[in-house]
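Remember, it's a predicted structure, so these values are computed and weren't measured experimentally. Counting from 1, the numbers follow the sequence of the chain as shown.
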Amino acid sequence: MLLQILIGLAIGLVSMVLVLFFIKWSASGPKDLGIANGGLKPCGNSPNCICSEDSRKGFGTERIPFLGKAEPDFITSKLRSLPRTKIIKVLKGPTMDPVLGDIPPGGFLIHAESRSLLIGFVDDIQIYFTPGSNELQIRSSSRAGYSDLGVNTSRVSKIRLLLKE
């Protein structure tokens with residue numbers, strides 16, 4: 001009887017891991033990245049995203065206050081200190097990117113990717129600064145799955161703390 005239970009648990013665990021890998025492999029590239037209406041695009045309808053420009057409960061967060069001059073190099077160095085995180089693109093305005101949108105003069109947009117430890121799920125991080133503001137807009141969203149178990153909210157909190165250092 002105990003052997004049957006252990007075999008059942010092993011099969012269940014292997015099945016769960018295979019499903020997670022399938023979800024990862026079937027995930028498309030980044031979605032809903034960039035600027036719309038002067039700010040980062042709000043989240044979709046699945047609770048695996050958090051954005052300072054989304055006012056819905058469970059999807060929104062505060063912008064990050066930034067004292068002093070906002071410098072993309074400083075911010076990217078802080079993002080690189082997060083585990084399994086790499087910078088994908090830094091756009092400094094004035095520029096127009098066909099995917100990410102129009103960055104005004106003096107503004108910038110940073111796109112980074114962060115991977116989960118075990119399966120390697122990819123989350124997209126965006127930080128957007130517009131001239132004349134003393135705040136950074138931020139968005140962290142998962143590419144795959146429905147829920148992120150609070151990972152993106154936790155990541156935004158860590159970034160908020162890193163940028164205060």
Side-chain angles (χ1 to χ4, degrees), residues 16-17 19-68 70-72 74-76 78-91 93 97 99-104 106-165:
M16 187 172 72
V17 169
V19 166
L20 290 173
F21 273 110
F22 176 75
I23 290 170
K24 177 191 170 202
W25 289 326
S26 65
S28 60
K31 56 187 176 203
D32 297 326
L33 297 183
I35 309 302
N37 302 317
L40 291 172
K41 293 180 182 176
C43 298
N45 290 322
S46 61
N48 60 3
C49 174
I50 186 164
C51 180
S52 62
E53 306 313 293
D54 199 321
S55 59
R56 296 174 295 163
K57 185 177 180 184
F59 294 94
T61 187
E62 297 293 318
R63 289 181 175 183
I64 298 174
F66 202 83
L67 303 173
E71 292 290 338
F74 170 76
I75 296 168
T76 56
K78 295 297 185 177
L79 289 175
R80 282 187 183 101
S81 72
L82 294 171
R84 299 169 307 284
T85 301
K86 70 177 181 176
I87 306 302
I88 302 302
K89 190 180 271 192
V90 178
L91 294 174
D97 184 271
V99 174
L100 299 174
D102 189 19
I103 311 299
F108 60 83
L109 176 71
I110 298 168
H111 174 214
E113 290 178 354
S114 186
R115 294 187 179 270
S116 66
L117 179 61
L118 295 178
I119 306 293
F121 287 114
V122 179
D123 294 343
D124 292 291
I125 304 163
Q126 296 177 89
I127 295 179
Y128 180 53
F129 173 76
T130 55
S133 173
N134 62 349
E135 299 174 315
L136 300 171
Q137 298 178 28
I138 188 162
R139 184 179 195 266
S140 184
S141 59
S142 301
R143 290 188 188 174
Y146 182 74
S147 174
D148 67 352
L149 304 174
V151 169
N152 286 303
T153 300
S154 175
R155 180 179 299 113
V156 167
S157 294
K158 287 177 188 171
I159 293 170
R160 192 179 302 276
L161 289 173
L162 283 172
L163 294 177
K164 285 183 180 181
E165 293 177 351

**Request:** Examine distances only and state if a side-chain atom of Thr85 and a backbone atom of Ser81 form a donor-acceptor pair shorter than 3.5 Å.
**Result:** no
**Whether Ser116 side chain and Phe121 backbone form a donor-acceptor pair below 3.5 Å** = yes
Per-pair distances, 0.1 Å, donor-acceptor, side chain in residues 40-52, under 3.5 Å, sequence neighbours excluded:
unit_1	atom_1	unit_2	atom_2	d
Lys41	NZ	Leu33	O	3.3
Asn45	OD1	Arg56	NH1	3.2
Ser46	OG	Asn48	OD1	2.9
Asn48	ND2	Gly145	O	2.9
Ser52	OG	Ile138	N	3.0
Ser52	OG	Ile138	O	3.4

**Item:** Qualifying residue for salt bridge (Lys or Arg N to Asp or Glu O under 4.0 Å) with Arg143, from Asp148, Asp124, Asp123
**Value:** Asp124
**Asked** Which of these, Ile103, Asp102, Leu100, Thr130, sits in a side-chain contact (heavy atoms from CB on, under 4.5 Å) with Ile35?
**Response** Ile103
**Main-chain N/O of Pro72 paired with Thr76 side-chain donor or acceptor, under 3.5 Å** = yes
**Request:** Measure from the side-chain N and O atoms of Gln126 to the backbone N and O of Gly34, and report whether any donor-acceptor pair falls under 3.5 Å.
**Result:** yes
**Message:** Can you give me the closest heavy-atom contact between Phe108 and Leu136, atom names plus distance?
**Reply:** CZ-CD2, 4.4 Å
**Request:** Might you point out which heavy atoms bring Gln137 and Gly38 nearest each other, and give the distance in Å?
**Result:** NE2-O, 3.7 Å
**Prompt:** Which pair of heavy atoms, one from Phe66 and one from Phe74, lies closest together, and at what distance?
**Reply:** CZ-CD2, 3.9 Å
**Request:** Would you please test Glu113 and Arg84 for salt bridge (charged side-chain N to carboxylate O under 4.0 Å, His left out) and show each step?
**Result:** CA-CA 8 Å; Glu113 290 178 354; Arg84 299 169 307 284; over 6 Å; no
**Prompt:** How close do Ser141 and Asn152 get, heavy atom to heavy atom, and via which atoms?
**Reply:** N-OD1, 3.6 Å
**Asked** Does the side chain of Ile159 reach to within under 4.5 Å of the side chain of Leu79, using non-hydrogen atoms?
**Response** yes
**Ser147 side-chain N/O to Leu149 backbone N/O, donor-acceptor pair under 3.5 Å** = yes
**Message:** So which atom in Lys89 and which in Asp97 form the shortest heavy-atom distance, rounded to 0.1 Å?
**Reply:** NZ-OD2, 3.1 Å
**Asked** Going from CZ on Arg155 to CG on Leu162, what distance comes out if it is rounded to the nearest 0.5 angstrom?
**Response** 12.0 Å
**Asked** Quick one: does Ile127's side chain get under 4.5 Å of Ile64's, heavy atoms only?
**Response** no
**Asked** Between the side chains of Thr61 and Arg160, is a donor N or O closer than 3.5 angstrom to an acceptor N or O?
**Response** yes
